[in-house]
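Here the structure is laid out as structure tokens; the discussion comes afterwards.
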Amino acid sequence: MTELLAPAGSREAMVAAIQNGADAVYLGVDDFNARRGARNFSPDALHDVVAYCHLRGAKVYLTLNTLITDRELHALASTARVANEAGVDAILVQDWGVLDTLRRVVPDMPLHASTQMTVHTLTGVREAAKLGLSRVVLARELSRSDIAELCRESPIELEVFVHGALCMCYSGQCSMSAVIGQRSGNRGLCAQPCRLPYNGANPLSLKDNNLSDYIPELEQMGVACLKLEGRMKRPEYVAAVTGIYARLLREHRRPTEEERAALVSAFSRDGFTDGYYTGKTGAEMFGVRPANARWPEEWFAQLRAEYERENQRTIGVRLAAKIAAGQPMTLLAADDDGHMVSVNGAEPEPARTRSVTAEEAEQRLGKTGGTVFRVEECRVQVGDGLSVTAAALNALRREALSQLEAQRTAVPPRRTEPYTAPVQQENPFAPPCFTVSLMSASQLSDALVDQRPEMIYLPIEELSQIDLWRYLDRTRFCALLPRIYRTRDEGMLRGMLLEAPRRGVSAVGIGNIGHIALAADCEMEKRGDISLNVFNSAAIRTLRDAGLSTVAVSFELRREQVRDLQKYLPCEAVIYGRLPLMITENTIDAGEEGVLTDRRGERFPVLPVSGGRSEVENGKVLYLLDRGDWRDIGLSYARLRFTTETAEQCAEILQAHVNGTECPPAELTRGLFYRGVE
């Protein structure tokens, strides 16, 4: 049975979702979730929320799916313990360090890979399973054929977003909000710069996703869970969308025209899109919320009045009672989920005037008003000449339902372990060696290599254009796998990886969970790239255990946070270059200049990357050479990231860094090195 998962940004939204047929809800606690702007829940409220949902046959998933600093890991572990004790059904994660912490602190808790982990291939799904995750929330950009292929081969459950807002960037790979305004999407505070105008239009604003027409198809594929977006939206919206999708799932059908219109009325950005699912990307996918759009207040008021009564979601029970002379009354109560209780009541008395009938007892036992239960079947055996008071029958029913409720809300036995902070590691004292990343082979030159960088990173497809052997006496090369690819590309990429050492490549860059499995059999050094979002010491330890030899730390960390990381592996940080803000499945229309210009005149270059995708770069170049305080924070490698520079500029800038001579760009930024993010 495919599960319907609804958003719960508040208690009212949770009630709205459950009362309208959700099989599960996902919610956040305090600031440890990707929607910190929602009302969210306190740890103390979790017990009541989980009990409310479990009583009504629904599950609760907790979203601890943001990047966490070292100082926050202890508090996060405490939250996880509370969730474990409350009976939360699973926790969603993005951060490698959070994954490691939860496996240690709540080892029996099911863990799901959030869409923020950017899992989009079979290697990624299999690696997630190897790491102990029981479900993966797939990237929203996958097509029906991609999803079907993963469902056929996946060893664990797969979850698919079917309705709601779409990010222009692959989830977990967007730093635009962070770099522009310190509000990190990876920390749950995205300011949605993609909804703003660029080049006088809205080339980054996608319409909302709507896959309601494909519910039967997704069920047939074997998708375990259909997810609705909307923790920042009104509870009435949650009620509306959940109710429609619940009916479609229950009846295994497509929506009627009336239901389609209702979904548009609930919320849309000038209509909906199914472009990623159908593989029809392009201009038709884009749209903005019309300025004159209004909430359907009359309809929403009706929905609110219905779910606030909290009587739409009831649990069917079957009752069987026996009333016999000389022994206590017994009542057996069972539900469809396998729970069963048997209780005893008062002993019936001999009838003085009129004997109780089975019909009368059934009528009395069937009165479950004020509870979540409804009686679907009631059978009563009554001996002759007996009298039973209404109060005695009521007490018998109340006790049975009370025990049944206790069974339904019982917390499963799970272990909790103490949190242990990462072990203190000594920072390297030597200044870091320089590494260089290039976007294309055309940026490589003898003048650059003559500066003897420790490593040159190049996309794996670009390396095939170069005679590397002429350079290997002065540097080494690392093949960067595409950040985004498809399962159908994995055979080709494996072939390129096996060939790479014979061509002089000594390392492979790991930038996605799928890369770990993809490069598992390659006899090359494995270096973690910046897209892994390494944000804490536990993440470094986890990636060390996964076989990596170095890691690049997140550029959303400030200087002191990088300094205080426990260096289980040699660490690398970007100290020069344009920072990557987005990687998109849709090709971005950036005009003839290939630049997005915002309302303030800031210009963001858009570069083509593997698979016909686009990567948005920051408008200003990160420059730290003149400050020098990146040299003493324990880094083993300092990376210069070249994007729009020519070969001559790349060589000159590297030489300036090697010699310590200043070369500030015309427009520079210190990035987040001193500011960090919220």
Side-chain angles (χ1 to χ4, degrees), residues 116 118 120 139-141 165-186 189-206 275-276 281-283 285-288 437-440 443 457 459 480 482-485 511-512 529-533 552 554-556 574 576-623 639 641-645 665 667-669 671-672 677:
Q116 291 288 116
T118 328
H120 55 281
R140 292 171 172 90
E141 289 82 355
L166 288 172
C167 298
M168 183 62 174
C169 180
Y170 274 83
S171 294
Q173 300 301 311
C174 186
S175 293
M176 195 166 194
S177 177
V179 171
I180 292 174
Q182 294 182 261
R183 292 174 57 85
S184 173
N186 286 312
L189 284 176
C190 180
Q192 295 189 312
C194 54
R195 301 299 179 191
L196 300 176
Y198 299 87
N199 297 357
N202 294 91
L204 303 181
S205 181
L206 291 167
Y276 286 141
T281 58
M285 289 189 67
F286 294 82
V288 296
S437 69
L438 307 175
M439 293 288 284
S440 72
Q443 293 174 302
Y457 299 90
L480 290 178
R483 223 188 326 171
I484 305 296
Y485 56 103
N512 179 271
D529 205 5
I530 53 176
S531 53
L532 287 177
N533 292 327
S554 169
F555 54 77
E556 293 188 14
V574 176
Y576 172 90
R578 297 185 189 275
L579 297 176
L581 304 184
M582 284 188 176
I583 183 167
T584 71
E585 185 66 20
N586 263 291
T587 302
I588 297 175
D589 181 7
E592 293 182 4
E593 293 184 273
V595 171
L596 294 177
T597 304
D598 69 11
R599 299 170 299 171
R600 299 176 180 177
E602 187 76 23
R603 293 163 58 83
F604 302 92
V606 178
L607 304 179
V609 291
S610 177
R613 300 174 179 93
S614 295
E615 186 171 280
V616 181
E617 313 295 336
N618 195 28
K620 293 183 175 65
V621 176
L622 173 67
Y623 182 75
R639 185 187 301 192
R641 184 175 189 270
F642 295 118
T643 51
T644 58
E645 294 86 353
E667 291 189 284
L668 63 84
T669 178
L672 298 163
V677 293

For Asn199 and Gly591, the nearest pair of non-hydrogen atoms, with its separation, is ND2-N, 4.4 Å
Scanning both residues in full, the closest heavy-atom pair of Val677 with Ala178 reads CG1-CB, 3.8 Å
**Prompt:** When you look at Asn586 and Leu206, which way does the side chain to side chain contact (heavy atoms under 4.5 Å, CB included) test go after all the steps?
**Reply:** CA-CA 10 Å; Asn586 263 291; Leu206 291 167; 4.0 Å; yes
Taking every heavy atom of Asn533 against every heavy atom of Gln173, the minimum-distance pair comes out as ND2-NE2, 4.2 Å
**Prompt:** Should Asn202 and Phe286 count as side-chain neighbours, where that means a heavy-atom distance under 4.5 Å?
**Reply:** no
Of all heavy-atom pairs linking Ser205 and Val288, the shortest is OG-CG1, 3.6 Å
Distance col, row Leu668:CG vs Tyr623:OH, nearest 0.5 angstrom, shows 8.0 Å
query = Would you say the side chain of Met439 lies within less than 4.5 Å of the side chain of Glu645, judging by non-hydrogen atoms?
reply = no
Distance col, row Asn512:CG vs Ile484:CD1, nearest 0.5 angstrom, shows 6.5 Å
- Task: Apply side chain to side chain contact (heavy atoms under 4.5 Å, CB included) to Leu166 and Tyr276, showing your working.
- Result: CA-CA 10 Å; Leu166 288 172; Tyr276 286 141; 4.3 Å; yes
Taken to the nearest 0.5 Å, the spacing of Glu141 CD from Thr118 OG1 works out to 9.0 Å
Residues Pro605 and Gly619: closest non-hydrogen pair is CD-CA, 4.3 Å
Original post:
Side chains of Met168 and Val616: closer than 4.5 Å at any heavy-atom pair?
Top reply: no
Query raised in the report: Once the angle between the rings of Tyr576 and Phe642 is folded into 0 to 90°, is it parallel (under 30°), tilted (30 to 60°) or perpendicular (over 60°)?
Result: tilted
- Just by distance, do the side chain of Ser177 and the backbone of Cys190 share a donor-acceptor pair under 3.5 Å? no
In terms of heavy-atom contacts, Gly511 and Leu532 come closest through C-CD2, 3.7 Å
Review point. Hey, does the side chain of Asp529 reach the backbone of Ser531 with a donor-acceptor pair shorter than 3.5 angstrom?
Key: no
Contacts of Glu585 meeting salt bridge (Lys or Arg N to Asp or Glu O under 4.0 Å) (sequence neighbours excluded), chain-then-number -> Arg486, Arg613
* Decide yes or no on side chain to side chain contact (heavy atoms under 4.5 Å, CB included) for Asn618 and Phe604, but give the supporting numbers first. => CA-CA 5 Å; Asn618 195 28; Phe604 302 92; 3.8 Å; yes
Taken in chain and number order and not counting sequence neighbours, the residues that satisfy salt bridge (Lys or Arg N to Asp or Glu O under 4.0 Å) with Arg603 are Glu593
Residues passing the salt bridge (Lys or Arg N to Asp or Glu O under 4.0 Å) test with Glu615, sequence neighbours excluded, are Arg483, Arg641
query: With side chains defined as the heavy atoms from C-beta onward, is the minimum distance between Cys194 and Met176 less than 4.5 Å?
result: no
Check: Tell me, do Leu596 and Pro203 make a side-chain contact under 4.5 Å, heavy atoms counted?
Finding: yes
Inset, instruction - Measure the shortest side-chain to side-chain distance between Thr587 and Ser614 over non-hydrogen atoms and say whether it is less than 4.5 angstrom. - result: yes
Rounded to the nearest 0.5 Å, the CZ atom of Arg140 sits from the NE2 atom of His120 at a distance of 15.0 Å
One should read off an interatomic distance between Arg639 CZ and Ser437 OG, to the nearest 0.5 angstrom, of 5.0 Å
When rounded to the nearest 0.5 Å, the distance separating SG of Cys174 from CG of Asn186 is 8.0 Å
Q.
Can you tell me if Asp589 has over 12 outside heavy atoms packed within less than 6.0 Å of its CG?
A. no
Under 3.5 Å, is there a donor on one side chain and an acceptor on the other for Thr643 and Glu617? no
### Message
Is the shortest side-chain heavy-atom distance between Thr597 and Tyr198 below 4.5 Å?
### Response
no
